2 protein chains.
Amino acid sequence: MTLELDAIDRRILAELQIDATLSAEQLSQRVGLSRNACWRRVRMLEESGVIAGRVALLDPEKLGYGLSVFMLIRTSSHEPHWLETFRGAVTSLPEITGIYRMSGDLDYVLRARVADMKAYDRLYQRLIAKVPLSDCSASFVMEEIRETTALPVQQR
Amino acid sequence: MTLELDAIDRRILAELQIDATLSAEQLSQRVGLSRNACWRRVRMLEESGVIAGRVALLDPEKLGYGLSVFMLIRTSSHEPHWLETFRGAVTSLPEITGIYRMSGDLDYVLRARVADMKAYDRLYQRLIAKVPLSDCSASFVMEEIRETTALPVQQR
DNA sequence: TTTGAAAACGAACAGCT
DNA sequence: AGCTGTTCGTTTTCAAA
């Protein structure tokens with residue numbers, strides 16, 4: 001299942017990753033194609049699943065989620081029961097926007113968004129009430145230098 | 001500048017965070033409002049910047065970015081020159097989709113997307129060629145249990 | 001001032017050349 | 001692939017509450 005995407009497809013993807021509201025007309029001008037040809041390519045990219053969806057991105061500051069946290073978790077217990085409980089606990093908390101099972105000596109990485117330190121502490125308390133964590137270290141994001149959903153589709 | 005968003009605004013945001021292609025008609029049915037009233041709210045949310053934009057999300061697997069990596073960086077040198085070089089280096093690499101300056105003993109966290117281990121190594125080599133890293137540990141994502149751009153706007 | 005209906009406009013989609 | 005027509009969504013206007 002190797003997809004063959006040419007330079008124009010990649011150009012289209014690059015544009016839509018930045019602004020998905022572009023009309024077929026606008027898009028066609030940017031990539032140098034007729035409106036219809038362009039529209040058909042977009043449709044193909046959607047149907048093949050390369051474009052997984054279109055979402056609205058919200059401003060975290062304006063909604064009271066100005067503090068971003070990474071939680072690095074090491075677990076002593078690797079029994080199935082603990083794992084299940086852990087999964088149930090983390091997935092039940094919507095402030096946790098990223099949940100990753102890792103290789104190496106780290107077991108899980110969590111990414112959470114909260115209002116402030118106090119809100120973080122509440123989240124942490126709710127989490128450890130649901131599942132015991134033997135080793136969890138939190139790091140707070142001081143500055144988001146980059147945060148993008150865009151993949152490098154146009155790579156030179 | 002405190003924004004007052006009522007339950008319907010939040011319902012709208014919740015829907016658009018999942019699917020930004022919903023028409024005003026569809027949206028209005030889901031949130032229980034007339035088409036126009038709904039449309040006016042969306043417009044207000046856009047103008048106030050609560051809705052920061054609409055983007056297409058692509059399938060990383062289908063584009064050859066199946067491996068996700070977190071790089072945890074500690075730096076010995078905190079001189080302005082090193083910092084500047086570091087920023088230039090990381091921001092020049094588009095595979096690095098997240099760049100965060102942290103509090104605590106971690107200095108930076110990077111999130112990158114690559115094809116495989118070999119591609120990771122190439123990225124790493126390119127990075128350290130641009131800026132010396134005294135302490136950088138990489139952790140690879142084995143499983144993305146959750147990865148969402150959606151903020152919990154509807155909280156209970 | 002806010003809400004709903006409806007007209008006008010523009011974009012999306014399908015069929016045909 | 002391009003052209004064209006029909007359908008559908010968006011945006012504006014207007015009238016009523």
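To find a chain, count down the sequence lines: A is the first, B the second, and so on, and within it residues start at 1. All figures in this text were calculated on a predicted structure; none of them were measured in a lab.
Toward the 5′ end of DNA chain C lies the nearest nucleotide of A:Gln26, the other residue of the pair A:Gln26 and A:Arg40 mapping further downstream. Between A:Arg35 and A:Arg41, the residue anchored nearer the 5' end of DNA chain D, judged by the nucleotide with its closest heavy atom, is A:Arg41.
There is no side-chain donor-acceptor pair under 3.5 Å between A:Arg146 and B:Thr97. Residues A:Arg111 and B:Tyr100 have side chains that bring a donor and an acceptor to within less than 3.5 angstrom of each other. There is a side-chain donor-acceptor pair under 3.5 Å between B:Lys130 and B:Ser92. Side-chain atoms of B:Gln26 and B:Glu15 include no donor-acceptor pair closer than 3.5 Å.
Following rounding to the nearest Å, B:Glu47 (CD) and D:dT11 (C1') show an atom-to-atom distance of 12 Å. In this structure, A:Asn36 places its CG atom 16 Å from P of C:dT17, rounding to the nearest Å. The CD-P distance, from B:Gln29 to C:dG4, rounds to 14 Å in whole Å. Atom CZ of A:Arg43 and atom C1' of C:dA14 are 9 Å apart (whole Å). Straight-line distance from the CD atom of B:Glu25 to the C1' atom of C:dA11: 17 Å, rounded to whole Å. Rounded to whole Å, atom P of C:dT2 lies 8 Å from atom CE of B:Met44.
Phosphate proximity of D:dG2 to A:Ser34: present, with a side-chain N or O under 4.0 Å from OP1 or OP2. Note on B:Trp39: a side-chain N or O is less than 4.0 Å away from OP1 or OP2 of D:dT11.
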